[in-house]
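In what follows, a single structure is set out as structure tokens and then discussed.
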Amino acid sequence: MRRIPWILLLMLLVPHVSSALRLRWSTGSTDLNFTSATRCTLVVQADSAETRLPSEWRLLWVADSLSIQFAAMDSLEACLLDEAQVSRIDAPATPADSAANQITAHFCSDVGSATTALQVVDLPAGGYGKLKVVALNPGDPDSTAVIESNDVTYNGGIAVPYPPAILRATRSHPSTQLRVEAVGVGLATASRVEIAAPDTSWRLALNVTERSDTALTAVAQVAADLPPFVLQVGGESGAVGSVALDADTASALSVQPACVSYMREYDPDGHTYIQPKDFAVVASRDSFHIFYIRKDMRITNND
């Protein structure tokens with residue numbers, strides 16, 4: 001049976017911090033067994049030593065060919081409860097989101113320090129799969145530290161790796177080399193790393209220079225300023241993790257006075273008979289390139 005990995009990006013609407021996460025079904029167990037289609041609830045909790053949930057995390061899941069569905073409560077009712085609940089779910093906004101099987105769920109709560117969040121899930125009859133939650137370490141959001149919950153399963157789970165997930169990405173492009181750094185999970189075995197237009201009208205493969213399961217660095221030679229683009233990381237199972245990155249700012253090229261001596265050749269009387277012509281000047285982030293044609297003045301127009 002075809003196995004389909006998904007990523008669910010979950011965001012609380014209030015600021016929170018935590019260092020560890022726990023995941024369970026509302027029954028209290030980490031495995032759920034059923035024979036007919038069922039609606040159940042996932043419970044995401046901060047570790048007992050913490051008092052708040054992170055402001056953003058990812059719910060990763062893999063399942064058999066029978067897809068699972070996520071549901072939202074009425075937005076007004078969800079926001080009046082002590083436990084954070086999903087008030088709205090956004091469908092994929094771009095082709096890149098669709099390729100990554102990524103949707104966004106917005107949580108809200110009546111309190112500013114929710115320790116628990118609930119996600120309603122519709123599971124199909126005969127289906128099986130597993131889920132877990134991952135997030136950046138909120139105590140050091142600029143590090144490569146990633147926190148992960150335990151797995152929860154239904155109908156025994158599935159022995160398929162989770163898809164890659166990018167939790168944070170940065171880029172630098174000071175010259176012609178583009179450097180992209182990503183933090184997430186499942187990056188050590190990424191089979192494909194590339195950047196692409198949000199509408200997938202263009203794409204460019206990157207060369208990986210460093211990698212671990214939670215961090216990845218890749219580079220490419222790109223002479224022009226880049227418009228907004230998406231970093232995409234393909235996993236072993238074919239699933240794709242993606243994150244959007246902003247456009248380049250205009251290159252800060254400065255004009256410096258210079259004296260340039262072009263190639264010239266002379267006849268015995270000192271007359272120039274080869275001269276450059278048809279100039280073109282092209283800016284490339286940190287430099288200019290000059291293109292021209294050499295004209296032999298001894299050749300007549302008839303030749």
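Note that this is a predicted model, so its numbers are computed, not measured. FYI, the numbering just counts along the sequence from 1.
- Shown here for Pro198 and Pro228, the closest heavy-atom pair between the two residues is CD-O, 3.4 Å.
- Using a 4.5 Å cut-off on side-chain heavy atoms (C-beta onward), Tyr162 and Val134 make no contact.
- Here the CD1 atom belonging to Ile158 is positioned 11.5 Å from the OG1 atom belonging to Thr153, to the nearest 0.5 angstrom.
- Nearest heavy-atom pair, Val243 versus Ala169, reported as atom, atom and distance to 0.1 Å: CG1-CB, 3.5 Å.
- Using a 4.5 Å heavy-atom threshold, the side chains of Val62 and Pro161 count as separate.
- A donor-acceptor distance shorter than 3.5 angstrom exists from the side chain of Lys130 to the backbone of Val160, with no hydrogens or angles considered.
- Within the model, atoms CG of Leu131 and CH2 of Trp25 stand 5.5 Å from one another, a figure rounded to the nearest 0.5 Å.
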Show your reasoning for whether side chain to side chain contact (heavy atoms under 4.5 Å, CB included) applies to Val44 and Leu59. CA-CA 10 Å; Val44 183; Leu59 174 62; over 6 Å; no

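- Taking CD from Gln119 and OG from Ser26, the interatomic distance works out to 12.0 Å, rounded to the nearest 0.5 Å.
- No donor-acceptor pair closer than 3.5 Å links the side chain of His173 to the backbone N or O of Leu226.
- Salt bridge Asp246/Arg171: absent, no basic N to carboxylate O contact under 4.0 Å.
- Here the shortest heavy-atom pairing between Ala117 and Trp57 reads CB-CH2, 3.9 Å.
- Distance check: Tyr128 OH to Asp31 CG gives 14.0 Å after rounding to the nearest 0.5 Å.
- For the atom pair CZ of Arg58 and CG of Leu136, the computed distance is 9.0 Å after rounding to the nearest 0.5 Å.
- Linking ILVMFWY residues whenever their side-chain heavy atoms come closer than 4.5 Å, directly or via other members, places Leu231 and Val222 in the same cluster.
- The side chain to side chain contact (heavy atoms under 4.5 Å, CB included) test applied to Ala145 returns Asn137, Ser143, not counting sequence neighbours.
- Val193 has its side chain out of reach of Val180: every pair of non-hydrogen atoms, C-beta onward, lies at least 4.5 Å apart.
- Taking the side chain as every heavy atom from C-beta outward, Pro124 and Ile68 approach each other to under 4.5 Å.
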Let me check something: any side-chain donor-acceptor pairs from residues 202-211 under 3.5 Å, sequence neighbours excluded? List them with distances.
from, atom 1, to, atom 2, distance (Å)
Arg203, NH1, Glu194, OE2, 2.2
Arg203, NH1, Gln232, OE1, 3.3
Thr209, OG1, Thr217, O, 3.4
Arg211, NH1, Leu187, O, 3.2
Arg211, NH1, Ala188, O, 3.1
Arg211, NH1, Ala190, O, 3.0

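- Judged purely by atom type and a 3.5 angstrom limit, Arg179 has no side-chain atom pairing as donor or acceptor with the backbone of Pro174.
- For the pair Ala182 and Ile166, the tightest heavy-atom approach, listed with the atom from each and the gap, is CB-CG2, 4.1 Å.
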Identify each donor-acceptor pair in which a side-chain atom of residues 34-43 lies under 3.5 Å from a protein atom, sequence neighbours left out, and give them as a table.
from, atom 1, to, atom 2, distance (Å)
Arg39, NE, Asp122, OD1, 2.7
Arg39, NH2, Asp122, OD1, 3.4
Arg39, NH2, Asp122, OD2, 2.9

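- The closest side-chain heavy-atom distance from Val185 to Leu60 is below 4.5 Å.
- The hydrophobic cluster containing Leu118 does not contain Leu21, counting ILVMFWY residues as joined when their side-chain heavy atoms lie under 4.5 angstrom apart, directly or transitively.
- No continuous path of hydrophobic side-chain contacts links Val133 to Val120 [ILVMFWY only; heavy atoms under 4.5 Å].
- For the atom pair CG of Leu123 and CG of Asn155, the computed distance is 8.0 Å after rounding to the nearest 0.5 Å.
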